Amino acid sequence: MMMMMMMKRITQSMTVMWQKGLKKSMPSTSRAVNTLKHNHCYQIRKSPPLVSLDFPDIWTPNSLDYDCSPIQKGSNEQTAAVIDGKSISEEIISGIASEVSRMKESIGKVPGLAVILVGQRRDSQTYVRNKIKACEEAGIKSLMTELPEDCTEDEILSALSSFNENPSIHGILVQLPLPKHLDEEKILNMVSLEKDVDGFNPLNMGNLAMRGREPLFIPCTAKGCIELLLRSGVEIMGKKAVVIGRSNIAGLPTSLLLQRHHATVSILHALSKNPDQITRQADIVVTAVGVPNLVRDHWLKPGAVVIDVGTYPVEDPSSEFGYRLVGDVCYEEALGVASAVTPVPGGVGPMTIAMLLSNTLDSAKRAYDIT
């Protein structure tokens, strides 16, 4: 309850601050008329700078109970197919390994991926370890630079510059999030466009958004979500899709990619009204906010396809590592309503890594002029 009240106060205070700032930036009607008459100059634009509208999305959990109700026999039996991202990703990585092997045989070179890891976050270390392991399985060369939590921006930029200039490196990944004292935007913008295998460069995102344009790289999580839908035989064209969350990493690129596949897309965020009612109209639901069990069974239209990107660690003494991962969707409830659903873990996560390797292979093909 205290957490919910705190979240509400933060959102309210930010809204008040924005409204006050907007009032200051907008002259009164009489003042505007006076300025027009006497100075022949008036404020043309009423909207504030867009970045001033960028509130952080702070979602309030439905509860602090991270366990969903088990499926009740008879009334709520499992009807959904489980979309196994792990097995699909293994199939994709196997195909990548075959192409890498042929590349090595024909020109004596292989794709290269460089990773920069800052700090000692356990989750980031785990993600990087999984990516390096996948590179080994696919025959892709991998290099990693580890820097301390208190490193400077110049140290990161120096490592980036070295990887940018290294012709044997075709993809560069800066593991996010970075420590608070670092300028994430500045650092990501330093990654060479031709090696931006995460797809976060504004040019890649812009080309993803614009019809008739082809980005060099599609962001890995979004690409993985669409690949799961396509490989599961889910029709996207003409379907209603709801994307819950609008982060630059997952929600935004996924919504853009769904539009490119001709879905009718709605995007929900922390300030959206009646999110459950909007989500219940969707044929396809992609959720990526990291709020445990946010999406319950009454949010879902019977027969909907659910892609759960969210991950949240929950303490679990019985688990090997002392915690387990849960998603944004109450998995047990979704099994009784949806037609197909991804598990957490074992759904989108492995596909994100597979798409990272796919982007790295594509980059190497361009570099070596291989079709």
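Keep in mind that the numbers below use all heavy atoms, side chains included, and drop hydrogens, waters and symmetry copies. The structure presented is a predicted model; accordingly, all values stated were derived computationally and were not measured. The first residue of the sequence shown is numbered 1, and numbering continues consecutively from there.
Atom CG of L357 is separated from atom CD1 of I96 by 5.0 Å, given to the nearest 0.5 angstrom. Interatomic distance, D328 CG to I244 CD1, rounded to the nearest 0.5 Å: 7.5 Å. How far CG of L176 is from CG of L178: 5.5 Å, rounded to the nearest 0.5 Å. For the atom pair N274 CG and T279 OG1, the distance stands at 10.5 Å (nearest 0.5 Å). To the nearest 0.5 Å, the span separating OG on S106 from CD1 on I370 amounts to 5.0 Å. The structure places CD1 of I218 at 9.0 Å from CD1 of I226, a figure rounded to the nearest 0.5 Å.
Looking at heavy atoms from C-beta onward, S358 lies in side-chain contact with K223 at the 4.5 angstrom threshold. No side-chain heavy atom of V306 sits less than 4.5 Å from a side-chain heavy atom of I83. Taking 4.5 Å as the limit, every side-chain heavy atom of E333 sits out of range of all side-chain heavy atoms of H298. With a 4.5 Å cut-off on side-chain heavy atoms, Y331 and V341 count as touching. You'll find the side chain of K240 stays beyond 4.5 Å of the side chain of K301, heavy atoms only. M103 has its side chain within reach of P111: a pair of non-hydrogen atoms, C-beta onward, lies under 4.5 Å apart.
Nearest heavy atom pair, residue A250 against residue V309, reads CB-CG1, 4.3 Å. Closest of all the heavy-atom pairs between W59 and A270 is CZ2-N, 3.4 Å. Listed here is the closest heavy atom pair of L147 and C151: CB-SG, 3.9 Å. Residues L268 and P275 approach most closely at CD1-O, 3.6 Å, considering heavy atoms. Of all the heavy atoms in L257 and A222, the pair that sits closest is CD2-O, 3.6 Å. Contact detail for P292 and V326: the closest heavy-atom pair is CB-CG2, 3.6 Å.
Qualifying salt bridge (Lys or Arg N to Asp or Glu O under 4.0 Å) partners for R246, counting only residues two or more places apart in sequence or in other chains: D57. Every residue meeting the side-chain contact (heavy atoms from CB on, under 4.5 Å) condition with P177, not counting sequence neighbours, appears here in chain and number order: R121, S124. Scored by the side chain to side chain donor-acceptor pair (under 3.5 Å) test, D308 finds no partners at all (sequence neighbours excluded). Annotation: side chain to side chain donor-acceptor pair (under 3.5 Å) contacts of D362 (sequence neighbours excluded): none. Taking Q277 as the reference, nothing meets the side chain to side chain donor-acceptor pair (under 3.5 Å) condition, with sequence neighbours excluded. For A263, the side-chain contact (heavy atoms from CB on, under 4.5 Å) partners are I236, A241, L258, V265, not counting sequence neighbours. Residues passing the salt bridge (Lys or Arg N to Asp or Glu O under 4.0 Å) test with D316 are R324, sequence neighbours excluded.
V110 and L173 fall within a single hydrophobic cluster, where Ile, Leu, Val, Met, Phe, Trp and Tyr side chains are chained together by heavy-atom contacts under 4.5 Å. Linking ILVMFWY residues whenever their side-chain heavy atoms come closer than 4.5 Å, directly or via other members, leaves F200 and V115 in distinct clusters. By the rule that hydrophobic residues join a cluster once side-chain heavy atoms approach within less than 4.5 Å of another member, V348 and Y127 end up as members of separate clusters. Using a 4.5 Å cut-off between side-chain heavy atoms of Ile, Leu, Val, Met, Phe, Trp and Tyr, with links allowed through other members, L193 and I116 fall into different hydrophobic clusters. Put simply, V305 and L228 are part of the same group of oily side chains (I, L, V, M, F, W, Y) that touch within less than 4.5 Å, one to the next.
Applying the ring pair (Phe, Tyr, Trp, His ring centres under 6.0 Å) test to every pair with at least one member in residues 140-181, sequence neighbours left out, gives these pairs: H170-Y368. Sorted by first and then second residue, the side chain to side chain donor-acceptor pair (under 3.5 Å) pairs with a member in residues 251-265 form an empty list; sequence neighbours excluded. The list of side chain to side chain donor-acceptor pair (under 3.5 Å) pairs with a residue in residues 184-203, not counting sequence neighbours, reads E153-K186, S192-E194, D196-N204.
Paired with P219 under the rule side-chain contact (heavy atoms from CB on, under 4.5 Å), one option of L208, V197, I249 passes, and it is L208.
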Which donor-acceptor pairs under 3.5 Å do side chains of residues 130-146 form with protein atoms, sequence neighbours excluded?
from	atom 1	to	atom 2	distance (Å)
N130	ND2	T126	O	3.4
K131	NZ	Q175	OE1	2.9
K141	NZ	S168	OG	2.7

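Without hydrogens or angle criteria, S232 side chain to L229 main chain gives no donor-acceptor distance under 3.5 Å. Counting only distance, with no hydrogens or angles, the side chain of S89 and the backbone of M351 share no donor-acceptor pair below 3.5 Å. The backbone N or O of C330 sits nowhere less than 3.5 Å from a side-chain atom of R296 that would complete a donor-acceptor pair. Put simply, the side chain of D276 never gets that close to the backbone of W299: no donor and acceptor are under 3.5 Å apart. Counting only distance, with no hydrogens or angles, the side chain of E155 and the backbone of T152 share a donor-acceptor pair below 3.5 Å. No donor-acceptor pair closer than 3.5 Å links the side chain of S162 to the backbone N or O of A159.
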- Task: Go through the steps for I156 and M190 under the test side chain to side chain contact (heavy atoms under 4.5 Å, CB included), then give the verdict.
- Result: CA-CA 10 Å; I156 300 177; M190 281 297 294; over 6 Å; no
- Item | Verdict with supporting geometry, H269 and S272, side chain to side chain contact (heavy atoms under 4.5 Å, CB included) | CA-CA 5 Å; H269 48 78; S272 297; 3.7 Å; yes
- Trace of the side-chain hydrogen bond (donor to acceptor under 3.5 Å, both in side chains) decision for E149 with Q120: CA-CA 7 Å; E149 181 87 13; Q120 300 292 320; over 6 Å; no
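Cluster partners of M210 are absent, since no Ile, Leu, Val, Met, Phe, Trp or Tyr has side-chain heavy atoms less than 4.5 Å from it.
In this structure, R366 places its CZ atom where more than 12 heavy-atom neighbours from other residues, nucleotides or ligands lie under 6.0 Å away.
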